[in-house]
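So the structure is just underneath, and the comments pick up after that.
Every value quoted in this text rests on a predicted model; they were computed, and no experiment measured them.
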Amino acid sequence: MAVGTYEITHEKILESGKQQFLKNGYERTNLRELCKGAGITTGAYYRHFEDKAALFSALVEPAVNGLRERYDAAEDRCFDYISAHNMTDLWSVSVGTMVEFIDFIFDHFDEFKLLLHCSDGTKYVDFIDWMVEKEVQDTLKMYDVLDEKGIEHKRLSLKELHMLNHAYYACIFETVLHDYTKEEAIQTTHTLVEFFTAGWRKTHGL
């Protein structure tokens with residue numbers, strides 16, 4: 001099927017934007033240089049994107065949504081295990097989920113590089129904190145379900161949960177910030193999951 005001029009131009013803008021954002025970061029990226037890289041005028045740019053922020057969102061939002069979908073699926077599996085009093089398999093979710101995360105991250109490596117390294121000045125600058133807060137809220141929900149099921153456990157404070165979860169996700173995303181190979185990232189993630197799982201089980205008394 002033939003691709004129209006609009007679609008071709010749109011893809012050129014996306015590619016030029018990605019390269020400029022990766023090189024300069026969002027705040028220091030010049031729209032004129034971005035348009036020059038795409039071979040268009042600034043007037044033509046605004047027929048595709050409202051502003052620079054809209055272009056950045058178009059580049060990273062599919063990666064953000066994809067990771068959220070995988071997180072939500074893993075969350076559902078965790079609560080299914082708790083409901084079934086299956087605490088052993090509950091912890092196995094972490095290993096499979098993180099390997100799945102790494103696979104997805106490395107399939108969208110440039111987009112996560114943008115999120116983690118180039119997003120100052122955008123609404124995505126607190127991306128890791130969003131992941132951490134989601135994890136904290138899900139842990140609080142887990143405490144309530146454990147109470148309902150009569151499963152003995154220890155509750156951590158909000159500050160403890162935030163600190164530990166931030167350390168966990170910061171370690172995971174170090175693989176992007178420091179350009180690990182996919183194989184290195186998977187190996188490191190297995191080690192991190194083993195380390196943190198043992199810690200979570202100990203601190204929660206599970």
Side-chain angles (χ1 to χ4, degrees), residues 57 60-109 111-113 115-116 119 122-178 180 182-206:
S57 292
V60 302
E61 196 66 26
V64 171
N65 290 338
L67 198 65
R68 285 174 174 170
E69 289 171 5
R70 284 156 179 77
Y71 181 95
D72 289 342
E75 176 191 5
D76 290 341
R77 291 196 297 272
C78 285
F79 282 102
D80 286 343
Y81 285 136
I82 294 173
S83 295
H85 287 244
N86 188 349
M87 304 309 294
T88 299
D89 286 341
L90 169 66
W91 300 108
S92 70
V93 173
S94 294
V95 177
T97 298
M98 283 301 115
V99 171
E100 186 179 355
F101 273 22
I102 291 296
D103 281 336
F104 183 77
I105 287 168
F106 275 77
D107 285 342
H108 302 82
F109 192 85
E111 289 77 9
F112 282 100
K113 193 83 167 182
L115 283 166
L116 298 167
S119 61
T122 77
K123 64 181 180 180
Y124 302 95
V125 67
D126 296 323
F127 172 69
I128 290 182
D129 281 336
W130 173 85
M131 295 291 296
V132 170
E133 184 57 26
K134 185 78 168 74
E135 192 78 54
V136 169
Q137 293 305 314
D138 285 343
T139 304
L140 296 178
K141 286 168 56 179
M142 181 186 77
Y143 290 159
D144 291 339
V145 174
L146 290 171
D147 285 339
E148 291 173 5
K149 297 295 180 181
I151 300 173
E152 188 176 345
H153 64 283
K154 176 185 175 183
R155 286 179 177 251
L156 301 183
S157 70
L158 287 174
K159 288 184 177 180
E160 288 172 324
L161 287 173
H162 183 90
M163 176 183 65
L164 291 171
N165 279 297
H166 196 282
Y168 183 56
Y169 280 105
C171 287
I172 294 295
F173 288 122
E174 281 286 294
T175 62
V176 176
L177 291 172
H178 293 284
Y180 283 36
K182 186 175 180 178
E183 291 72 22
E184 290 171 335
I186 290 175
Q187 178 182 345
T188 303
T189 298
H190 274 287
T191 301
L192 287 171
V193 169
E194 289 178 3
F195 179 83
F196 275 93
T197 296
W200 285 122
R201 297 191 73 166
K202 176 70 174 179
T203 55
H204 283 117
L206 290 168

Would a distance-only check, ignoring hydrogens and angles, find a side-chain to backbone donor-acceptor pair under 3.5 Å from T175 to I172?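 It does hold such a pair.
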Just checking, any donor-acceptor pair under 3.5 angstrom between side chains of Q137 and E133?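 Yes - a donor-acceptor pair under 3.5 Å links their side chains.
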Side chains of Y169 and E135: is there a donor and an acceptor less than 3.5 Å apart?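 On atom types as modelled, these side chains qualify, holding a pair under 3.5 Å.
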Do F101 and F104 have their ring centres less than 6.0 Å from each other?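 No, they do not, as the ring centres are separated by 6.0 Å or more.
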In sequence, state the C-alpha distance, the side-chain angles, and the governing distance for H166 and D129, and then conclude on side chain to side chain contact (heavy atoms under 4.5 Å, CB included). CA-CA 7 Å; H166 196 282; D129 281 336; 3.3 Å; yes
Which atom pair, heavy atoms only, marks the closest approach of [X] to [Y]?
{"X": "Y143", "Y": "L156", "value": "OH-N, 3.1 Å"}
{"X": "C171", "Y": "L192", "value": "CB-CD1, 3.6 Å"}
{"X": "V193", "Y": "Y168", "value": "CG2-OH, 3.6 Å"}
{"X": "W200", "Y": "N165", "value": "CZ2-OD1, 3.7 Å"}
{"X": "I128", "Y": "F173", "value": "CG1-CD1, 3.8 Å"}
{"X": "V176", "Y": "K113", "value": "O-NZ, 3.2 Å"}

side-chain contact (heavy atoms from CB on, under 4.5 Å) against [X], all qualifying residues, sequence neighbours excluded:
{"X": "D72", "result": "E75, K134"}
{"X": "S57", "result": "K123, Y124"}
{"X": "D76", "result": "none"}

Using a 4.5 Å cut-off on heavy atoms from C-beta on, say whether the side chain of R155 contacts that of D147.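 Answer yes - side chains close enough.
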D144 vs L140 side-chain heavy atoms within contact, under 4.5 Å: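 No, every pair of side-chain atoms sits at 4.5 Å or beyond.
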Parallel under 30°, tilted from 30 to 60°, perpendicular over 60°: which one fits the rings of F109 and F106?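 The rings of F109 and F106 sit tilted, inter-plane angle from 30° to 60°.
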